[in-house]
Amino acid sequence: RQAPPGAPTRSRMDESKPLKVRLTFSVILVGVSLLFAAVVTDHWAVLSPKVEEYNATCEAAHFGLWRLCIKRIFMQEQGPKEKGCGPISLPGEHNCSYFKHFTPGQSSEIFEVTTQKEYSISAAAIAIFSVGFAIIGTICVLLSFRRKRDYLLKPASMFYTFAGLCIIISVEVMRQSVKRMIDSKETAWIEYSYSWSFACACSSFVLLFLCGLGLLLIALPRFPQNPWETCMDAEPEH
């Protein structure tokens, strides 16, 4: 049986599939890079205490999933709306230390008093799951390029989707941690802001989640849109 003149053949329709997979995978790699940048850097949130004396040093802090960095900044008189120490980009003495619950024996008393250990451990653990899912998904996609193993694209898409969901959960846990820290009466911090590592995590969620779903749609078999496509797939009559 032959298709009607001008009807697109299945092989011609499938020619664009590898191109779509490669384009989607390129965007996914950007999301994976942002994910790794968010996990390994220490600029998720910036904290600053109230400044009561000017022409003196104050301590601002920024932290990530693994460690806390304290920066001594020399403060001059600020505007009427500015009450905190900073901005963190000002020059000053910089000291970073890993959280006490990750490296026993190291001191991180400032952070331990003002936040919940469970929040920090949970955010870090969920982020590790996200990285693991992203690595497994990437391996599946790379293997699918060899010997036309298209069936690996479906699990890869699910792994990327799970990676996006895990990192956004980690973001929310970190956000709740900062909020409870600021609301605590025992803390010295009065102001906070989310920095570029936090933005990288949110961006990686958008790219991994949406591109994971897109990769799944590309990997799914296409339903026939025209009568002759079903006719062409039918078994020949003997």
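Quantities reported herein were computed from a predicted structural model and do not represent experimental measurements. FYI, side chains are in, hydrogens and waters are out, and symmetry mates aren't considered; it's all heavy atoms of this structure.
- Hydrophobic clustering, with ILVMFWY side chains joined whenever heavy atoms are under 4.5 angstrom apart, groups Phe209 together with Phe36.
- Tracing side-chain contacts under 4.5 Å through hydrophobic residues (I, L, V, M, F, W, Y), one reaches Val171 starting from Phe63; they form part of the same cluster.
- Between atom CZ of residue Phe25 and atom OG of residue Ser157 there is a gap of 13.0 Å, rounded to the nearest 0.5 Å.
- Panel note: side chain His43, backbone His62; no donor-acceptor pair is recorded below 3.5 Å.
- Between the side chain of Trp44 and the backbone N or O of Ala38 there is at least one donor-acceptor pair closer than 3.5 Å.
- At most 12 heavy atoms of other shown residues, nucleotides or ligands fall within 6.0 angstrom of atom CZ in Phe162.
- Counting heavy atoms from C-beta outward, Ile135 and Ile139 have side chains that approach closer than 4.5 Å.
- The structure places CG of Leu215 at 10.0 Å from SG of Cys140, a figure rounded to the nearest 0.5 Å.
- Because its NZ or CZ atom is both nearer than 6.0 Å to the ring centre of Phe145 and within 45° of the ring axis, Arg22 counts as a cation-pi partner of that residue.
- The main-chain N or O of Ala124 is never found under 3.5 Å from a side-chain atom of Trp66 such that the two would form a donor-acceptor pair.
- Clustering ILVMFWY residues whenever any of their side-chain heavy atoms sit less than 4.5 angstrom apart, transitively, puts Val30 in a cluster other than the one holding Val40.
- Here the side chain of Ser170 pairs no donor or acceptor atom with the backbone of Ile167 at under 3.5 angstrom.
- For the atom pair Leu34 CG and Trp196 CH2, the distance stands at 10.5 Å (nearest 0.5 Å).
- A distance of 13.0 Å separates CD1 in Ile218 from NZ in Lys154, rounded to the nearest 0.5 Å.
- Residue pairs meeting the side chain to side chain donor-acceptor pair (under 3.5 Å) criterion with at least one member in residues 159-169, sequence neighbours excluded, are Thr138-Tyr160.
- Shown here is Tyr194, whose OH atom has more than 12 heavy atoms of other residues, nucleotides or ligands within 6.0 Å.
- Taking hydrophobic clusters as Ile, Leu, Val, Met, Phe, Trp and Tyr residues chained together by side-chain heavy-atom distances below 4.5 Å, Val131 does not share a cluster with Leu207.
- Here the OG-CG distance, from Ser203 to Leu208, works out to 10.5 Å after rounding to the nearest 0.5 Å.
- Put simply, CD1 on Ile169 and CZ on Phe205 are 9.5 Å apart, with the number rounded to the nearest 0.5 Å.
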